[in-house]
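Right, one structure below, let's go through it.
All of these numbers come straight from a predicted model, not from anything done at the bench. A, B, ... follow the sequence lines: proteins, then strands. Residue 1 opens every chain.
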Amino acid sequence: MRVLKTVRLRLRSLFRSSHVEDELAEELRNHLERQIERHRAAGLSSGDARAAARREFGNVALIQEQCRDTRGVVWLEDFMRDVMYALRMMRRAPGHTAVTALSLAVALGANTATFSLVNTLLLRRLPVTNPQELVELGSETPNGPGNFPYPLYERVRDQNTTFSHVVAVSSPVIRGDDDSSDQPPLGRYVSGNFFDALSIRAALGRLIGPDDDRLDSPDGTTVAVISNGLWQRMFGQESSVLGKTLAVGGTPARTAVRFTIVGVLPPEFQGLTVGRSDDFYVPLSSEPRISPRSLLNSPGAGWLKVVARLKAGVSRQTAKAELDVIYSGFINDGAPLSSEATRRQLRARRMAVEPARAGLSGPRREFGRPVLLLMGAVALVLIVACANVVNLLLARGLARRGEIGVRLAIGASRGRLIRQLLAESAVLGLLGGSVGLAFAVWGTPHLATLMANEDPGVVYDVAPDRTVLLFTLVVSLGAALATGLIPAVRVSRSNVPSLREDASARDARGGLSAWTRGLVAFQVALSLLLLAGAVLLVTTLRNLRTGDFGFDREGVLSMRLETPRAGYAGERRLAYFRAALERTRSTPGVRSAALSLGMPVISAGVDMSFEVEGRPREPDAIVFVNDVTDGYFEVTGTRLLRGRDFGPHDGPRSTPVAIISDTVAHRYFGARDPVGQRVGVGNRGMLEVVGVAATTKYQSLRESDSPIVYVNALQRADASGLNLIVKAAGNPTSTGVVVRRAIQDMAPVRVTPPLTLSSQIDRTLIEERLIARVLGVFALLAVVLAAAGLYGVLAYNTARRTGEIGIRLALGATRGAVLWPVLAESAKLAALGIAMGVPAALALTRLLSNLLYGVAPTDPRVLGAVVLCLFCVALIAALVPAWRASRVNPLVALRCE
Amino acid sequence: MSKPTDLVQGTLDLLILKVIALEPMHGWAVAQRISQMSNDVLQVGQGSLYPALHKLEQQGWIEAEWRDSENNRRAKYYTLTREGRRALNQEAAQWERLAAAISLIVHHG
């Protein structure tokens, strides 16, 4: 109650202060009158009584002041007054305020947007109870914890003592069939304890429990739980969804398995991977019903992500130690492995236990570092913007020296003045921050789309949450106070005599202050840093996109043909593929076509042992193997250096043949001709070399040359799916559509939509593209802000020196003579900034070195171009002030003096 | 922000509370009553009285209300709140202890 009353009183004094003041005045007047009456009653004349009462009463204003102090809202009142005053001052200089707030807004918007990514990827916790207990388990790999085979998951779940729960979710997704939508629902297998361990409650119905996931009861396992999103999208949020069925995993649809929907997940749970929202979950035990070759009993196939809850007080190190023991037990006795070599290889692996409070580590590993790098870059943009604000405030403070001098003279305290100037910066900061937030809300989804890499299944939820809002508030106020402090302190130091200093005396001191010059040069230096980084990344991207990697990507497109299980065994499958190839070649618009198991850079990477017949096998002789048909080299534009291509005559019954890459030929045959030799390649057996192809990049664009062996895809019927690659004569997109329809007309085979090779390779460059693009935008922002800063300072300086320029013109100086100094000043400031920026760039671009390709972080051409660009910018920024200086009318200028 | 110098710090609050406890009254009457009750020994200056009254009001110990007084003049009347009464008892007890202690020392020996 009392608190309420106090608050009410304080609010009253704050917002109805004039009312409160009136009451006080009336109360005191009342008192005075009674005192006068009393004196008159004691016999004084009316005049004497009044005088006596006043004498006794003392200083009314002082009493009022003291009463005001006891109300305890002085600082708040002062603050409100400061804010009002700040708003009034801003209204008086709207242009200045707009420019300052806009620079801040742009920089703060960029910071908020980037921070939204950091928040989504790295900070946001999973919406489960005690997310900090969650850890991700897996073998140690450079790309984060590797996948688990099912038998190892079972063993860890049953033998560990350090986790309270161990759950598994499949890494590959399974497709549901939804006829009404072209975006089929994607789901995953989960262990029966999954939802219970994460303590997630159903929004409707029930979730999958341990009873649904029993390997011994094959009939009870066809239940599914759907996400809230799918419930809305596919079932119109009807509660009658329970009991309906969802068809999963059938191509074509008639082989699909029907799952009964038993529950709907709450909207906040979207899966364990940031950016991926799973549409449905089915029990792991149903996997054999969907997959033709079940992985449940395979000890070598890693396909599960395993997440565990640490018991209270157990450290990750302890858990890891125990996990290593369980793992080596598994390798030694649990797993019937194909060979002793595999066992050795597996035994060398170590387990990793990583925090999973923000979800599985995939996107975090992929984008964590780039996003932090961008966060660093965008902080520099903010500093550039802040330097602008400091300079503008300094200039304005100088203009207000007279006013401040008066206030100091009549007794305002310095602290009070600083507080008032800071209130102005705070208002500016909040203004910039709120506009910046609007920029960020508009811009962040673009960044998220860029990060999703054209994959419709990936959606990053980057909507600003409390953390983001708090970040923006703190950074806005922090930036405002940091930028306000220097000018405020400097201005409040102006001493009282400066009141008397007239304009010409100030001009006589001439030039810009060291602070201003330093700040502008600093801005140029930071822009140089960002620009250099951006140019390096853009150059890298161009090198990766246009470099010679041994194959063409223009006009080449691919689609994957997936033959069904039934009716396509052995030679029938080969016959189908041969027919599909011939059909494609006869389609108009197709220049050449081939089939290929792997695609260079995109989905390459089966490595196998290699030996040359008649020679002992070298233990580390490994080659990459790709199964291709005739025409592959024509389509990809890879040159055949020797021998011949595969041909239709290389059938399943003729000698198995291979084409080796130049790298393999050099390494294993030296100067001898490999054509006609026989080589052994992994499980592909002994093959006769019939040709040598030019070396190409195979695993990634950045690798040094890979040793590749091409095997004839139409001599063995192993693969149920192959990529059809086509070189189009005209527009690849329309050709792709025609070819796909032709293939689909032939037989009920699944054909993925055609994609151009260049777009697919571009997808593998997501990290480079993200950084190049965003860094490019940031660098541009920094340069524009620095140019605005330079312009502002030069324009201000020219305006200040109008009188001096007028005198010089009156004394006979030419227009050029007053124009040049402005340009020279700008060039000098730019040079100063460049002198600071180049060493910083040389030191810091090293951070980018493992992202770069075909360009050194210290490439003098890049730095040269950046320096040249900044000089041009400095020149452009100086043009208007210089021109204005040359247009000064001596008569007008002198009259102003 | 001068403090009342003619009274021991803090005692003015006690005196005001005590006087208002008798009946609601306005500022002038408070000053009069204090000097009256102390046989003109204690004179409360306006410079101390009003800030003190406002402070007590902010603390929630007294409440103010505009009322018509004897000769049809409006005046601001102060009333003790329940909390004010509690505070008065505490302050009074505190004062008794302090006064007793001081007199012990003064009369010692």
Crowding at CZ, Arg67(B) (>12 non-hydrogen neighbours, <6.0 Å):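 Yes, CZ of Arg67(B) has more than 12 neighbouring heavy atoms, counting only those of other groups under 6.0 Å.
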Atom pair CD/NE2 of Gln32(B) and His31(A) - distance to nearest 0.5 Å: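 Here the interatomic distance stands at 7.0 Å.
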Atom pair CG/NZ of Leu28(A) and Lys76(B) - distance to nearest 0.5 Å: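 Rounded to the nearest 0.5 Å, the CG-NZ separation comes out at 9.5 Å.
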Given Glu37(A), Glu33(A), Arg38(A), the one that forms side-chain contact (heavy atoms from CB on, under 4.5 Å) with Trp28(B):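 Exactly one pass, corresponding to Arg38(A).
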Looking at [X] and [Y], what are the two nearest heavy atoms and their distance?
X	Y	result
Asn30(A)	Arg74(B)	ND2-O, 2.5 Å
Trp66(B)	Glu27(A)	CH2-N, 3.9 Å
Ala75(B)	Arg34(A)	CB-NH2, 3.7 Å

